[in-house]
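Here is the structure we will look at.
Residue numbers begin at 1 in each chain, while the letters A, B, ... track the order of the sequences. Atom set for the values below is all heavy atoms of this structure, side chains included, hydrogens, waters and symmetry mates excluded.
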Number of protein chains: 2
Amino acid sequence: MTSHGSNGTPAPTKGARTAARIRAVAFDALREDGWRATTMRGIAERAEVSPGTIYLSLPSKEHLLLELYGETVARIEQRAADDLAGVRIFAARLRIVMRVALDEIAPFHRVATEAIGQAIAPDSPVSPFGDETRAPRERMLRLFATVVEDSDLVADRRLREALPELLWGLLMAGMLAWTSDRSREQRRTRALVEQAVPMLDRAIRVTAVPLLRRQVRDLLALTAAAKELSHDDA
Amino acid sequence: MTSHGSNGTPAPTKGARTAARIRAVAFDALREDGWRATTMRGIAERAEVSPGTIYLSLPSKEHLLLELYGETVARIEQRAADDLAGVRIFAARLRIVMRVALDEIAPFHRVATEAIGQAIAPDSPVSPFGDETRAPRERMLRLFATVVEDSDLVADRRLREALPELLWGLLMAGMLAWTSDRSREQRRTRALVEQAVPMLDRAIRVTAVPLLRRQVRDLLALTAAAKELSHDDA
DNA sequence: GACTATAACTGAACGCGTTCAGTTATGCGA
DNA sequence: TCGCATAACTGAACGCGTTCAGTTATAGTC
């Protein structure tokens, strides 16, 4: 095994280096040219390999989106952890995560707009609810869990427990809306977030009113039922 | 111009007859084989034309979905008009429309599951919010308007005015959920509708409480802002 | 019935994502 | 240094949606 100087990590094999070069080229192309205009042949040419070589380390073009998604979630996680430190107010914590998420996905707005269709298909590898996206999804859920847990929020216990998943759902809905945002640098979506966070905060707090217990129960039951739609029949 | 017997409608031209045959074949194929397995070459073969002929009357494969959507909305409109006659209770009226819609789209569940990605892309011809789907969208909006108007529902004036559009949005969200429903004959989605309609009814009625005026205003402002996302910058 | 403008249609070709039988490069034991 | 197992890579080919220069059929006019 060859090694590079004295650093402890094993030297990457030739195949691994080729795979890394392909990804670097591909991510650049996606950022610059979008989803449609980025072709496998184009990636191959720019990475100086043949089209077939790409498929040694990448099952499909869609899997590029999967890797992009994973890397973006990792960056959101890191930046959010820094920005959340010391902040206790729920609305402030939620706004931080939403802002960080928007910042980190911004460079890929064009890709997302053109490729959102790939992601929404239930049996696609990049479906946000699918098996192959489990890891980044659970990392985002954990992030939303800390948003709730380390905050001053007081709310019905069961609502509080379901909140991370509900917030994640709102993020997904928001991203769907974001893909159709035609404003410069998606500032309309940013404005929407600034508007929606205090609204959501008020809405959660008002559920403490006994009159609304029924509505809270309804909402939780409905989302629970919706989650089961995609399960296989017994 | 040739004419068939004494009926008043002009005889279709040869091109129109070919176009109709292509559609009949294509819709059958979509119902039976789904979106992916239905190929333009296959349609051409079954309609006994060359692939190029299809493109004389159909701009793209996606436009098949557009026509399917339009025809389905027309059927929903007709059946709903019959079933709604004499019914005044809001929840009952809403449930009728939702049931009819589910019934009419049911034969195309497989197509919808495989092609939902085409429909969600913001610049796709079949985007539910796009220009090319304006006619069926407005027909559905009018249907929801009659659901509200001819009902016993009492609610805040502005909420009542926005309600048709909100209900249409819920239908779209429901259809998105429906595409990932794996249960036999999508009975889980049907159960979801039966559950959701009374919930929504209760939620709307509870907004009469003065305490919730702020939340109603918030909701309306948020949906108004969301609608503007896709507008071009000034 | 002959002529002709145009409606209708054809099918090879393009670029796409993807596959895989075949070829070349690499690194290790003898 | 040689031999060779296997890792790495190639590129022609497939089926797809779509295009368009070229061909054929139709219907109205004289």
Side-chain angles (χ1 to χ4, degrees), chain A residues 1-4 10-23 25-27 29-30 33-68 111 114-115 117-119 121 123-126, chain B residues 1-4 10-23 25-27 29-30 33-68 111 114-115 117-119 121 123-126:
Chain A
M1 181 184 295
T2 64
S3 105
H4 285 172
T13 62
K14 184 165 179 254
R17 271 184 287 118
T18 302
R21 195 171 70 249
I22 288 168
R23 271 143 188 80
V25 163
F27 292 162
L30 287 176
D33 306 330
W35 176 252
R36 267 188 279 268
T38 297
T39 70
M40 298 304 270
R41 284 176 228 275
I43 294 169
E45 199 168 345
R46 286 169 60 169
E48 296 182 297
V49 294
S50 83
T53 301
I54 299 177
Y55 288 88
L56 295 175
S57 64
L58 195 76
S60 79
K61 191 184 177 188
E62 277 185 297
H63 280 77
L64 282 174
L65 295 176
L66 200 62
E67 300 188 1
L68 213 48
V111 180
E114 291 180 11
Q118 317 286 323
D123 50 351
S124 152
V126 277
Chain B
M1 182 185 295
T2 63
S3 104
H4 286 172
T13 62
K14 183 165 179 258
R17 271 183 288 117
T18 303
R21 196 172 70 249
I22 288 168
R23 272 144 188 79
V25 163
F27 292 161
L30 287 177
D33 307 329
W35 178 251
R36 268 187 277 267
T38 297
T39 71
M40 299 304 271
R41 284 171 170 83
I43 294 169
E45 199 168 343
R46 287 170 61 168
E48 295 181 299
V49 293
S50 82
T53 301
I54 299 177
Y55 287 87
L56 295 175
S57 63
L58 194 76
S60 79
K61 190 185 177 188
E62 278 186 298
H63 279 77
L64 282 174
L65 295 176
L66 201 60
E67 300 188 1
L68 213 48
V111 180
E114 291 180 11
Q118 317 287 322
D123 51 351
S124 153
V126 278

On a heavy-atom basis, which atom in [X] and which in [Y] lie closest, and how many Å separate them?
X        : Y        : answer
B:Ala119 : B:Ser124 : CA-OG, 4.5 Å
B:Leu30  : B:Trp35  : CD2-CE3, 3.8 Å
A:Val49  : A:Ile54  : CG2-CG1, 4.4 Å
A:His63  : A:Leu58  : CB-CD1, 4.0 Å
A:Ala115 : A:Leu65  : CB-CD1, 3.7 Å
B:Lys61  : B:Arg36  : NZ-O, 4.3 Å

Practice item. Would you sort out whether A:Leu64 and A:Thr38 count as a side-chain contact (heavy atoms from CB on, under 4.5 Å), showing the intermediate values? Key: CA-CA 11 Å; A:Leu64 282 174; A:Thr38 297; 5.5 Å; no
Using whole Å, report how far [atom1] of [X] lies from [atom2] of [N].
X        : N      : atom1 : atom2 : answer
A:Gln118 : C:dC16 : CD    : C1'   : 13 Å
B:Ile54  : D:dC16 : CD1   : C1'   : 13 Å
A:Glu62  : C:dC16 : CD    : C1'   : 14 Å
A:Leu58  : D:dC9  : CG    : P     : 14 Å
B:Leu64  : D:dG17 : CG    : P     : 10 Å
B:Arg17  : D:dT26 : CZ    : C1'   : 11 Å

Exercise for review: Decide if atom CD of B:Glu67 counts as having more than 12 heavy atoms of other residues, nucleotides or ligands within a radius under 6.0 Å.
Suggested key: yes
**Study point:** Side-chain (B:Glu114) to main-chain (B:Gly34) donor-acceptor, under 3.5 angstrom
**Key:** no
Exercise for review: Would you classify A:Leu56 as touching base, sugar-phosphate or nothing, given that sugar-phosphate means primed atoms plus P, OP1 and OP2, and contacts are heavy atoms under 4.0 Å?
Suggested key: base
Study note, to complete from the structure: Picking from C:dT18, D:dT10, D:dT26, the nucleotide nearest the side-chain atoms of A:Pro51 would be C:dT18
Study note, to complete from the structure: Regarding the side chain of A:Lys14, the nearest nucleotide among C:dA25, D:dT26, C:dT10 is C:dA25
Would you say [X] reaches [N]'s phosphate, i.e. side-chain N/O to OP1/OP2 under 4.0 Å?
X       : N      : answer
B:Thr18 : C:dC9  : yes
B:Ser60 : D:dG17 : no
B:Lys61 : D:dC16 : no

Review point. Which of residues 34-43 of chain A have a heavy atom under 4.0 Å from DNA chain C?
Key: A:Thr38, A:Thr39, A:Met40, A:Arg41
Pull out every protein N or O sitting under 3.5 Å from an N or O of nucleotides 20-24 of chain C, one pair per line with the distance.
none

